[in-house]
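Source: prediction; values computed, not measured. So you know, we letter chains A, B, ... as the sequences are listed, proteins then strands, and number each from 1.
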There are 2 protein chains.
Amino acid sequence: MLATTTTANNGVNVGALLGAREALAQVPEAAQFRWRTTCTWMNGTHSHSTVQSFFGLGGEQSHKARFSFDADHPELFAAEDNGPTPVEYVLVGLGACLTAGIAAVAQHRNIQLRSVSATIEGSMDIQGILGMDRDVRNGFDGIKVTFKIDADATPDEIRALVAQSQKRSAVYDILTNPTDVIVEVN
Amino acid sequence: MLATTTTANNGVNVGALLGAREALAQVPEAAQFRWRTTCTWMNGTHSHSTVQSFFGLGGEQSHKARFSFDADHPELFAAEDNGPTPVEYVLVGLGACLTAGIAAVAQHRNIQLRSVSATIEGSMDIQGILGMDRDVRNGFDGIKVTFKIDADATPDEIRALVAQSQKRSAVYDILTNPTDVIVEVN
């Protein structure tokens, strides 16, 4: 009887990523990236942000398109609700980062994914941002991410995929560890 | 000679926010909010997220519309660049949060804003996420926000606006301080 070898295809080019790793090992300064957005105040709590250029591999780079985002506060804060709140954008980043990581790790482990979905929920006591109680922080007091994954793998293998994605996730790191943020006025 | 009192209008209903603060002081449990997104894997590193429902003021709430977001990796990571990277969404959240705060604080201080714009840049050594060097973190090694503000105010008053916005910003807090993130598979 012949063994059949199936190759998972999750749409992630792991070969290219491993090649990049080898190339960057020779030229580590090419691994220094700078990601950017510009934000313009519209009115009230409504702002408009764009994402297009970034720096990496030693030079200026550009996304294929210019991506635009509106943010605002909801109507129950007496605002116009022209977009998600800023904190919801952070949750979008977290879900997207862990999900991309799951696809990349599954590809590397030759596990075929059929579907991956997640709910990401951040809890917050708004007495913080309203300045009502100085013992309440402004940000989330906790975030919970719940994945539902259908894949050609055992439950243990699926949990291991998620754990490895978490271990290499940029946004998971950004949320669970402090980052220096400098704010200047020009 | 009569003094003329001008009233700034930045489109933020500060009266409503102060009223909310009084109301929440009576019913602090109404200040417990839960912000959410759902994320669905599309293919490769491409995911699709939606933002609509949230919990607050003691019940389920909804944005006026369902907001949708694509995230992906850029072509130089051998991906399709269907949207910004997850970390760029985090920067969008930071810029939007500080900008909304500046408008709210300016309104409260009766300072008329004419324009507010910012560039937000996060630097990252991608040797972290590529697993090349365990001493390199996955996330940003630092973020720099640069505001340009035109307002009926002195440079010192403008700097004070930005400082107060920073002090009350949810996303600034989320980035500069650690948050517990629980990731589960259902």
N/O donor-acceptor pair under 3.5 Å between B/Lys144 side chain and A/Glu184 backbone: no
Under 4.5 Å from a heavy atom of chain A, the part of B/Ala25 involved: both
Atom NZ of B/Lys64: over 12 foreign heavy atoms under 6.0 Å: yes
Chain B contact via A/Pro155 - which portion, at a heavy-atom distance below 4.5 Å: neither
Part of A/Val183 lying under 4.5 Å from any heavy atom of chain B: both
Top contributor to chain B interface from A/Leu24, A/Thr37, A/Thr40 [non-hydrogen pairs under 4.5 Å]: A/Thr37
Which portion of A/Gln61 sits near chain B, non-hydrogen atoms under 4.5 angstrom: side chain
Structural part of A/Phe77 lying under 4.5 Å from a heavy atom of chain B: both
Contact winner vs chain B - A/Thr85, A/Thr45, A/Ile182, heavy-atom pairs under 4.5 Å: A/Ile182
Donor-acceptor contact present, side-chain B/Asn13 to main-chain A/Ala78, <3.5 Å: no
Point-to-point distance, once rounded to the nearest 0.5 Å, from CE of A/Met42 to OG of B/Ser115: 12.0 Å
More than 12 heavy atoms from other groups under 6.0 Å of CG on B/Asp150: yes
Most contacts with chain B, counted as non-hydrogen pairs under 4.5 angstrom, among A/Glu88, A/Gln32, A/Gln107, A/Lys148: A/Glu88
Interchain contact, B/Val162 with chain A, by part (heavy-atom threshold 4.5 Å): side chain
Atom CD of B/Glu22: over 12 foreign heavy atoms under 6.0 Å: no
Pairs where residues 152-163 of chain A contributes a residue and the test salt bridge (Lys or Arg N to Asp or Glu O under 4.0 Å) is met, not counting sequence neighbours: A/Arg114-A/Asp152, A/Asp156-A/Arg159
Engaged part of A/Ser49 at the chain B interface, taking heavy atoms whose separation is under 4.5 Å: side chain
For chain A, the option from B/Val136, B/Leu18, B/Leu76 that forms the most heavy-atom pairs under 4.5 Å: B/Leu76
Residue B/His46 versus chain A: region with a heavy atom under 4.5 Å: neither
CA sep, side-chain torsions, deciding dist, call: A/Asp173, B/Arg137, salt bridge (Lys or Arg N to Asp or Glu O under 4.0 Å): CA-CA 8 Å; A/Asp173 172 28; B/Arg137 68 178 290 188; 2.9 Å; yes
Selection from A/Ala71, A/Ala30, A/Gly131, A/Ala20 maximising heavy-atom pairs under 4.5 Å formed with chain B: A/Gly131
CD1 on B/Ile143 to CD1 on A/Ile174, rounded to 0.5 Å: 6.5 Å
Within 6.0 angstrom of A/Glu80 CD, more than 12 heavy atoms from elsewhere: no
Contact origin within A/Leu113 toward chain B - heavy atom pairs under 4.5 Å: both
Residue, of B/Ile129, B/Leu175, B/Asp81, B/Ile158, that accumulates the most heavy atom pairs under 4.5 Å with chain A: B/Asp81
Whether B/Tyr89 and A/Tyr89 hold their rings parallel, tilted or perpendicular, with breakpoints at 30° and 60°: parallel
Top of B/Leu57, B/Thr119, B/Asn43 for chain A proximity - count of heavy-atom pairs under 4.5 angstrom: B/Asn43
Structural part of A/Ser47 lying under 4.5 Å from a heavy atom of chain B: side chain
Exercise: identify the closest heavy-atom pair between B/Gly128 and A/Arg168: O-NE, 3.0 Å
Part of A/Phe67 within contact of chain B (heavy atom distance under 4.5 Å): side chain
Heavy-atom contact with chain B under 4.5 Å, split by part of A/Glu75: side chain
Residue, of A/Asp180, A/Val181, A/Asp141, that accumulates the most heavy atom pairs under 4.5 Å with chain B: A/Val181
Hphob cluster co-occupancy, B/Val90 + A/Val145, side-chain heavy atoms under 4.5 angstrom: yes
Contacting moiety of A/Val51, where chain B heavy atoms sit under 4.5 Å: side chain
A/Ser169 portion near chain B, given a 4.5 angstrom heavy-atom threshold: backbone
Same apolar cluster: B/Val14 and B/Leu161, side chain cutoff 4.5 Å: yes
Single-linkage hydrophobic cluster, 4.5 Å side-chain cutoff, A/Met132 and B/Val12 together: yes
Which atoms of B/Ala79 approach chain A - backbone, side chain, both or neither, heavy atom under 4.5 Å: neither
Proximal component of A/His48, with respect to chain B [non-hydrogen, under 4.5 Å]: neither
A/His63 side, atom NE2; B/Asn82 side, atom CG - distance, nearest 0.5 Å: 11.5 Å
Shared hydrophobic cluster for B/Val92 and B/Met124 (ILVMFWY, side-chain gaps under 4.5 Å): no
Leading residue by heavy atom contact count with chain A [cutoff under 4.5 Å; candidates B/Val87, B/Asp70, B/Asp72]: B/Val87
Between A/Ala163, A/Ala103, A/Ala104, the one whose heavy-atom pairs under 4.5 Å with chain B are most numerous: A/Ala103
Most chain A-contacting option - heavy-atom pairs closer than 4.5 Å, from B/Ser62, B/Gly19, B/Ala100, B/Ala16: B/Ala100
Shared hydrophobic cluster for B/Phe69 and B/Trp41 (ILVMFWY, side-chain gaps under 4.5 Å): no
Atom pair CG (B/Asn186) and CZ (A/Phe147), whose distance is rounded to the nearest 0.5 Å: 11.5 Å
Heavy-atom pair count under 4.5 Å with chain A, highest-scoring of B/Asp133, B/Thr146, B/Asn9: B/Thr146
Contact origin within A/Phe54 toward chain B - heavy atom pairs under 4.5 Å: side chain
Close side-chain approach of A/Tyr172 to B/Asn138, heavy-atom, < 4.5 Å: no
Segment of A/Ile102 engaging chain B (4.5 angstrom heavy-atom cut-off): neither
